[in-house]
Amino acid sequence: MLDKNVAALLNQQVNKEFYSAYLYLDFSNYYYDQGLEGFGNWYKVQAQEERDHAMLFIQYLQNNGERVVLDAIEKPNVAMTSPKTVLEEGLKHENYVTSLIHAIYDAAYSCKDFRTMQFLDWFVKEQGEEETNADNLIKKYSLFGEDPRSLYMLDSELGSRVYTAPSLVL
């Protein structure tokens, strides 16, 4: 059985991951509306990843005999004033998710829940990759986004991204 606090935090994370998927779908729709289909694709893939992250947390809770509680998903309320601000909001959100994962890890550590810590190791690594990817997108946009031809090439590059399901064994 999981510690009550750890189980509650894991349950909250399920809903946070679904919110992340919802947020990234909102970002995707923004980019499609702007005619930046590659950026839209990139965030659509991000949304798929976040949905699968939620499903991994659900499976972990179920594997440990815990009841999964789904809450309402809050409507994203992010000011999308330019393509760059959306990228910056994406990085800010990834930093926030990292802090949530660290809080769960800390709670698991405090009660010596090594199994949960091992489960979370993958997410710690994943968040490092997510933050790097978000930061790299901002850097690329800062370098190339103001030039229409370069923006077209960057958008084309992002359009080639395909979804790959996570390979985490529970």
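Starting from 1, each residue takes its place in the sequence as its number.
Note: S82 OG to Y141 OH = 6.0 Å, rounded to the nearest 0.5 Å. In this structure, L100 CG and L9 CG are separated by 9.0 Å, a value rounded to the nearest 0.5 Å. A distance of 4.5 Å separates CG of L154 from CG of L158, quoted to the nearest 0.5 Å. Taking NZ from K16 and CZ from F18, the interatomic distance works out to 14.0 Å, rounded to the nearest 0.5 Å. With rounding to the nearest 0.5 Å, the separation of CD in E126 from CG in L56 is 9.5 Å. Atom CG of N133 and atom CD1 of I138 lie 11.5 Å apart (nearest 0.5 Å).
Checked against side chain to side chain donor-acceptor pair (under 3.5 Å), E130 has the following partners two or more places apart in sequence or in another chain: Q46. For S156, the side-chain contact (heavy atoms from CB on, under 4.5 Å) criterion is met by Y152, not counting sequence neighbours.
Ring-centre distance between F57 and F119: below the 6.0 Å cut-off.
Follow the hydrophobic side-chain contacts under 4.5 Å out from V68 and you reach Y22 in the same cluster. Cluster membership check: L143 does not share its hydrophobic cluster with L151, using side-chain heavy-atom separations under 4.5 Å among Ile, Leu, Val, Met, Phe, Trp and Tyr. Both Y109 and F114 belong to a single network of hydrophobic side chains, linked directly or stepwise wherever heavy atoms of I, L, V, M, F, W or Y lie under 4.5 Å apart. Cluster annotation: V14 and V124 are assigned to the same hydrophobic cluster (Ile/Leu/Val/Met/Phe/Trp/Tyr, side-chain heavy-atom contacts under 4.5 Å, transitive). Note: the hydrophobic cluster containing L36 does not contain F144 (ILVMFWY, side chain heavy atoms under 4.5 Å, direct or indirect links).
Under a 3.5 Å cut-off, the side chain of D106 and the backbone N or O of H102 do not form any donor-acceptor pair. At distances below 3.5 Å, at least one donor-acceptor pair connects side-chain atoms of N11 with backbone N or O atoms of R67. Not a single donor-acceptor pair under 3.5 Å links the side chain of N5 to the backbone N or O of I104. For the pair D113 (side chain) and L2 (backbone), a donor-acceptor distance under 3.5 Å is absent. Using a distance-only test at 3.5 Å, with no hydrogens or angles considered, no donor-acceptor pair links the side chain of Q127 to the main chain of N95. Between the side chain of Y19 and the main chain of K75, no donor-acceptor pair closer than 3.5 Å is present. Distance alone, capped at 3.5 Å, is enough to place a donor-acceptor pair between the D155 side chain and the G38 backbone.
In this structure, K92 does not pair ionically with E88, as no charged nitrogen and carboxylate oxygen lie closer than 4.0 Å.
By the 4.5 Å heavy-atom criterion applied to side chains, P83 and Y30 are counted as neighbours. By the 4.5 Å heavy-atom criterion applied to side chains, F27 and E89 are counted as neighbours.
There is no side-chain donor-acceptor pair under 3.5 Å between Q62 and E66. In this structure, a donor-acceptor pair under 3.5 Å is present between the side chains of T116 and Y60. Inspection of the N41 and E37 side chains reveals no N or O donor paired with an N or O acceptor under 3.5 Å.
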Output, in order, the C-alpha distance, side-chain angles, deciding distance and verdict of salt bridge (Lys or Arg N to Asp or Glu O under 4.0 Å) for K139 and D135. CA-CA 6 Å; K139 288 176 183 171; D135 188 52; 3.1 Å; yes
Trace of the salt bridge (Lys or Arg N to Asp or Glu O under 4.0 Å) decision for E49 with R161: CA-CA 12 Å; E49 283 189 7; R161 183 180 186 203; 3.0 Å; yes
What do the steps show when you test K140 against E157 for side chain to side chain contact (heavy atoms under 4.5 Å, CB included), and what is the final call? CA-CA 11 Å; K140 286 180 180 181; E157 175 188 324; 2.8 Å; yes
CA sep, side-chain torsions, deciding dist, call: L10, N64, side chain to side chain contact (heavy atoms under 4.5 Å, CB included): CA-CA 11 Å; L10 289 166; N64 284 278; over 6 Å; no
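Here the closest heavy-atom approach between residue T85 and residue A79 is recorded as OG1-O, 4.1 Å. Of all non-hydrogen atoms in N15 and D71, the two that sit nearest each other are OD1-N, 2.8 Å.
Relative orientation of the Y24 and H93 rings is perpendicular, given thresholds of 30° and 60° on the angle between their planes. Ring planes of Y43 and Y31: parallel class, angle under 30° (limits at 30 and 60°).
Taking a 6.0 Å sphere around CD of E74, one finds it holds 12 or fewer heavy atoms contributed by other residues, nucleotides or ligands. Within 6.0 Å of atom CG in D33, more than 12 heavy atoms from other residues, nucleotides or ligands are found, so the atom counts as buried in its surroundings. Within a 6.0 Å radius of OH in Y32, more than 12 heavy atoms belonging to other residues, nucleotides or ligands are found.
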